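Below, each value reflects all heavy atoms present in this structure, side chains not excepted, and no hydrogens, waters or symmetry copies. This structure is a prediction, so every number in the text was calculated from the model and none was measured.
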Amino acid sequence: MKITILTLFPQMFDGFVSNSIIKRAIEKKAVEIKIVNIRDYTIDKYGRVDTPPVGGGAGLIMKCQPIVDAIEHNATSKTHKILLSPRGKQFNQKRASEYARENDEMLLVCGHYEGVDERVNEYVDELVSIGDFILTGGEIGAMAISDAIIRLLDGAISAPSLEEETFEAGLLEYPQYTEPYDYRGAKIPDILYCGNHTAIKKYRRKESLKLTQKYRPDLFAKHQLTKEDTKLLKEIENNIDEPKWLVDAINKGQKFIKKN
């Protein structure tokens, strides 16, 4: 995939493209990232890319011409073009998956200052927002969207890691732990030492349901429950004694801990 980002501040992306998963994805040629300086496209004799709004008002508005020229010089007929805007549809994991699956080329336009000339909207395919809050510009939003898409591309990250991530299954991820077993009295659940991967998977699913129901009821309400989910939820809701599968796994885990 090729991702082109149009911005007034290209230096903001230096760290983004040179670290961690994004850097590895570029090196593996899973993605090509092109950062374009909108200022390079202005034809204003003073080099301006922004101006006070017509009709008066606070701040400066990004001019139409430099942005449109930058779009037209860097997009092809198959490029999906996005303007970061509070007016847009909210970005989420589902949309990240759709973008990664359906597009070979994407172009993101970062707004700045008090906004963008309204006429720019006609030159993009859609408006997208990363949330109902105010940022100085669209650069952070462009990084967030790009990061979420890139990690889904083949070769960017291992498939098993993606399968169990938060939001991929419509639920929050289960709790994760590292050694030592006992840290200041807080212990790792014994079941995780039992070696029974089926029991551990079921336990983790139950914890995901618990956490999502508690912390993100909005996600939980939209989640399509499986028969196994319904069974696990009954155990949670009725606060019943732990079922045999869990007791057996916990006991086995305790034996491992005591032995080691």
Side chains of residues 103-113: which donor-acceptor partners sit under 3.5 Å, not counting sequence neighbours?
{"unit_1": "Asn103", "atom_1": "ND2", "unit_2": "Tyr99", "atom_2": "O", "d": "3.3"}
{"unit_1": "Glu105", "atom_1": "OE1", "unit_2": "Thr76", "atom_2": "OG1", "d": "2.8"}
{"unit_1": "Glu105", "atom_1": "OE1", "unit_2": "Thr79", "atom_2": "OG1", "d": "2.6"}
{"unit_1": "His112", "atom_1": "ND1", "unit_2": "Glu139", "atom_2": "OE1", "d": "3.2"}

Check against side-chain hydrogen bond (donor to acceptor under 3.5 Å, both in side chains), Lys34 and Asn74
CA-CA 9 Å; Lys34 182 180 180 182; Asn74 291 281; 2.8 Å; yes

Could you see if [X] belongs to whatever hydrophobic cluster contains [Y]? Use Ile, Leu, Val, Met, Phe, Trp, Tyr and a side-chain cutoff under 4.5 Å.
{"X": "Ile149", "Y": "Val128", "result": "yes"}
{"X": "Ile200", "Y": "Leu171", "result": "yes"}
{"X": "Met143", "Y": "Met1", "result": "yes"}
{"X": "Ile43", "Y": "Val120", "result": "no"}

Determine which pairs satisfy salt bridge (Lys or Arg N to Asp or Glu O under 4.0 Å) with at least one residue from residues 6-22, sequence neighbours left out, and list them in order.
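As it turns out, there is no salt bridge (Lys or Arg N to Asp or Glu O under 4.0 Å) pair with a partner in residues 6-22 once direct neighbours are skipped.
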
Do [X] side-chain atoms and [Y] backbone N/O form a donor-acceptor pair below 3.5 Å?
{"X": "Thr42", "Y": "Ile38", "result": "no"}
{"X": "Ser129", "Y": "Gly88", "result": "no"}
{"X": "Asp125", "Y": "Lys81", "result": "yes"}
{"X": "Thr7", "Y": "Phe9", "result": "yes"}

According to side chain to side chain donor-acceptor pair (under 3.5 Å), who are the partners of [X], at least two apart in sequence or on a separate chain?
{"X": "Asp218", "value": "Arg216"}
{"X": "Lys210", "value": "Glu207"}
{"X": "Arg87", "value": "Glu118"}

So which atom in Arg151 and which in Ala148 form the shortest heavy-atom distance, rounded to 0.1 Å?
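Scanning both residues, the minimum pair turns out to be CG-O, 3.5 Å.
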
Can you find a heavy atom in the side chain of [X] that is under 4.5 Å from one in the side chain of [Y]?
{"X": "Ile3", "Y": "Ile145", "value": "no"}
{"X": "Ile67", "Y": "Tyr123", "value": "no"}
{"X": "Gln176", "Y": "Arg204", "value": "yes"}
{"X": "Leu246", "Y": "Tyr203", "value": "yes"}
{"X": "Phe16", "Y": "Ile33", "value": "yes"}
{"X": "Val36", "Y": "Asp40", "value": "no"}
{"X": "Leu8", "Y": "Arg39", "value": "yes"}
{"X": "Ile82", "Y": "Phe91", "value": "no"}

List the residues meeting salt bridge (charged side-chain N to carboxylate O under 4.0 Å, His left out) with [X], not counting sequence neighbours, and say none if there are none.
{"X": "Glu27", "value": "none"}
{"X": "Asp69", "value": "none"}
{"X": "Asp229", "value": "Arg205"}
{"X": "Glu126", "value": "Arg95"}

Gap between atom [atom2] of [Y] and atom [atom1] of [X] - 0.5 Å precision:
{"X": "Ile71", "Y": "Leu6", "atom1": "CD1", "atom2": "CG", "value": "6.0 Å"}
{"X": "Leu219", "Y": "Lys222", "atom1": "CG", "atom2": "NZ", "value": "6.0 Å"}
{"X": "Ile5", "Y": "Ser146", "atom1": "CD1", "atom2": "OG", "value": "4.0 Å"}
{"X": "Leu153", "Y": "Arg101", "atom1": "CG", "atom2": "CZ", "value": "12.0 Å"}
{"X": "His80", "Y": "Glu98", "atom1": "NE2", "atom2": "CD", "value": "9.5 Å"}
{"X": "Ile150", "Y": "Arg24", "atom1": "CD1", "atom2": "CZ", "value": "12.5 Å"}

Arg119 and Gln65: side chain to side chain contact (heavy atoms under 4.5 Å, CB included), yes or no, with the steps?
CA-CA 10 Å; Arg119 293 167 291 184; Gln65 175 273 316; over 6 Å; no

Listed by chain and number, what are the ring-ring contact (aromatic ring centres under 6.0 Å, His included) partners of Tyr41, not counting sequence neighbours?
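So Tyr41 forms a ring-ring contact (aromatic ring centres under 6.0 Å, His included) with His73.
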
Could you pull out all donor-acceptor pairs under 3.5 Å where a side-chain atom in residues 183-194 meets a protein atom, sequence neighbours excluded?
{"unit_1": "Asp190", "atom_1": "OD1", "unit_2": "Tyr181", "atom_2": "OH", "d": "2.8"}
{"unit_1": "Asp190", "atom_1": "OD2", "unit_2": "Gln254", "atom_2": "NE2", "d": "3.1"}
{"unit_1": "Tyr193", "atom_1": "OH", "unit_2": "Glu179", "atom_2": "OE1", "d": "3.4"}
{"unit_1": "Tyr193", "atom_1": "OH", "unit_2": "Glu179", "atom_2": "OE2", "d": "3.2"}

Take Ile61 and Glu114 through the test side chain to side chain contact (heavy atoms under 4.5 Å, CB included) and record every step on the way to the result.
CA-CA 5 Å; Ile61 304 299; Glu114 288 298 317; 3.8 Å; yes

Check the surroundings of atom CD1 in Ile140: do more than 12 heavy atoms from other residues, nucleotides or ligands lie under 6.0 Å from it?
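No - once you tally the heavy atoms of other residues, nucleotides and ligands closer than 6.0 Å, there are 12 at most.
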
For atom CG of Asp154, is the number of surrounding heavy atoms from other residues, nucleotides or ligands below 6.0 Å larger than 12?
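Atom CG in Asp154 is not packed in, count stays at 12 or less.
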
Audit row: Leu135, Leu84, side chain to side chain contact (heavy atoms under 4.5 Å, CB included) steps and yes/no:
CA-CA 11 Å; Leu135 295 171; Leu84 278 294; over 6 Å; no

Please set out all donor-acceptor pairs under 3.5 angstrom arising from side-chain atoms of residues 47-57, sequence neighbours excluded.
{"unit_1": "Arg48", "atom_1": "NE", "unit_2": "Asp44", "atom_2": "OD1", "d": "3.4"}
{"unit_1": "Arg48", "atom_1": "NE", "unit_2": "Asp44", "atom_2": "OD2", "d": "3.4"}
{"unit_1": "Arg48", "atom_1": "NH2", "unit_2": "Asp44", "atom_2": "OD2", "d": "3.3"}

